[in-house]
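See structure below.
What's counted below: heavy atoms across the whole structure, side chains too, no hydrogens, waters or symmetry copies. Since the structure is predicted, the reported quantities are computational estimates derived from the model, not experimental observations. One-based numbering, in listed order, for ligands and for the atoms of each.
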Amino acid sequence: MSDPRQHIMPVYRPPEQVFEKGEGVCLFTEDGTRYLDFIAGIAVNALGHAHPAMVEALTAQAGKLWHTSNMFRVRGAEELADKICRDTFADRVFFTNSGTEAIECAIKSARKYQWANDHKERIDIITFTGAFHGRSLGAINAGGNPKYLEGFGPPLEGFVHLEWGDHEALKEAIARPTAAAVLVEPVQGEGGVRAMPDQCLKGLRDLCNEHGVLLIFDEVQCGMGRTGKLFAHEWVDGAEPDILCSAKGIGGGFPFGACLTTEACGEHMQPGSHGSTYGGNPLAMAVGNVVWDIIANEDFLAEVRRVSGTVAQSLKSLADSHPDKVEAVTGKGLLTGLKMKADPKNLQGLCRDKNLLVGVAGANVLRLAPPLIITDENVREATRIMDEAITEWTPA
Ligand SMILES: *Cc1c(COP(=O)(O)O)cnc(C)c1O
């Protein structure tokens, strides 16, 4: 029999399981086996699987109108943009189909702002090691990961990569006359679930202001309630960005993203500057409005913070019982994990064999990004399985 995967471009190496159905925090394979999902499509299914309000909104919209393109007004997009600007720093929103496209819009908006303000020399986008901003040519050049750049032609001009945590290099780079913007994840996802210290976020904002450099937060993974605030930078007073990229959780599983800007950064993006055929289409917006109404609610966020505390305690207890294998607990809120003393790839497999789905991230991190709706009971079950798996695990 031929391999059913033979015609899929082999850029991923998924395990054997094929999931057929999801319900809340659980996934089910074709033969009905239940898995506890603590990775949620990589921080995407913020409200779990098949949330009734999302299913209702999507199916109702599917029976009415799917697509008109942005040559016509989309009511759902206008409504969602209003809510986003009511609840965040932003004044303008551009809707995309993915996180990468939100990054592209952010980089273009930042350069256009500098250009329109008579700083045509300001083109440099400053980023950090461990960053992940997506897979387009612009996004891999922003991310700077050599593994993702290899074989794809010469590195693009206008990107500066700095060591995460090197304050001196950062001060020097921001002071250069060619600096346009700093692009950073307040909590790095792929890079190892690494949170930027609060005082650094504030310091970065002040430094950018001092030198006329814009600040772009990539909150594609850490935003939308994942850390217990609507966006992760909101933990720090006075650390609002000029531009913010959202995706993943904002659609709760329906693919879309958004680039949020202040008026000053958005006003130069005029007809012809940018566009997208599908961005902000009626289906995405029907789901997006429901997701926003649920997550941008202070009671909902307070519950995320509470259950985050349970998760943090459980991970701490795992670290304490396995000091030979676990180095530290890392991350923030429900974007968290265990930094192991060796590559946790086969530990991830052991968890899966015990019906728990978790992720991995850079720097030997076993990554958790469960739906935001998890209960204490879910956390207990996941902790018990991880405890067993770590006990059995022999680091490769
Ligand atoms: C996933 C991710 C992206 C890219 O989003 P896509 O929807 O895969 O294009 C960008 N930045 C961060 C921080 C991400 O986690």
Side-chain angles (χ1 to χ4, degrees), residues 9 11-12 14 39-46 94-110 125-145 147-149 152 159 161 164 181-196 201 215-227 230-233 241 243-260 276-281 284 287-288 291 330-337 358-363 365 367-370 372:
M9 189 184 282
V11 294
Y12 286 98
I39 191 60
I42 315 185
V44 167
N45 305 99
F94 181 83
F95 290 111
T96 68
N97 307 292
S98 69
T100 305
E101 290 168 78
I103 292 287
E104 293 285 338
C105 181
I107 293 172
K108 287 176 70 175
S109 301
I125 308 297
I126 300 168
T127 64
F128 302 90
T129 46
F132 180 78
H133 300 300
R135 298 294 200 150
S136 67
L137 280 169
I140 58 176
N141 275 276
N145 184 336
K147 210 170 69 189
Y148 296 163
L149 282 160
F152 300 124
F159 293 94
H161 305 115
W164 172 271
V182 174
L183 166 60
V184 67
E185 297 153 82
V187 185
Q188 282 192 342
E190 310 300 313
V193 194
R194 193 157 58 158
M196 202 165 178
L201 275 184
L215 181 56
I216 308 171
F217 285 148
D218 179 349
E219 295 222 23
V220 168
Q221 190 157 159
C222 64
M224 288 309 292
R226 186 134 297 273
T227 68
L230 183 54
F231 287 104
H233 72 269
I243 302 174
L244 181 145
C245 302
S246 182
K248 294 200 165 99
I250 200 173
F254 196 94
F256 88 91
C259 177
L260 284 52
S276 168
T277 298
Y278 293 120
N281 67 78
V287 177
V291 172
T330 180
K332 192 160 188 166
L334 294 181
L335 180 52
T336 182
V358 297
V360 291
V365 171
R367 167 169 45 169
L368 306 183
L372 306 181

Might you point out which heavy atoms bring Ala369 and Ala40 nearest each other, and give the distance in Å?
O-CB, 3.3 Å

Considering all heavy atoms, the nearest Arg367-Ala361 contact
NE-CB, 3.9 Å

Would you kindly specify which portion of Thr100 sits under 4.0 Å from ligand 1, judged on non-hydrogen atoms: side chain, backbone, both or neither?
both

Out of all atoms in ligand 1, which are within 4.0 Å of some heavy atom of [X]? Include the element for each.
X	result
Lys248	1 (C), 2 (C), 3 (C), 14 (C), 15 (O)
Ser98	7 (O), 9 (O)
His133	10 (C), 11 (N)
Glu185	13 (C)
Asp218	10 (C), 11 (N), 12 (C), 13 (C)

Main chain of Glu219, side chain of Ser246: is a donor-acceptor contact present, judged purely on distance under 3.5 Å?
no

If only atom types and distance count, is the side chain of Thr336 paired as donor or acceptor with the main-chain N or O of Leu368 below 3.5 Å?
no

Please determine if Phe132 has a nitrogen or oxygen closer than 3.5 Å to a nitrogen or oxygen of ligand 1.
yes

Run the numbers on Glu190 and Gln221 for side chain to side chain donor-acceptor pair (under 3.5 Å), then give the verdict.
CA-CA 9 Å; Glu190 310 300 313; Gln221 190 157 159; 3.2 Å; yes

Of all protein heavy atoms, the one nearest atom 5 (O) of ligand 1 is Gly99 CA, 3.3 Å

Can you tell me how far apart CD (Glu185) and CZ (Arg194) are? Round to the nearest 0.5 Å.
9.5 Å

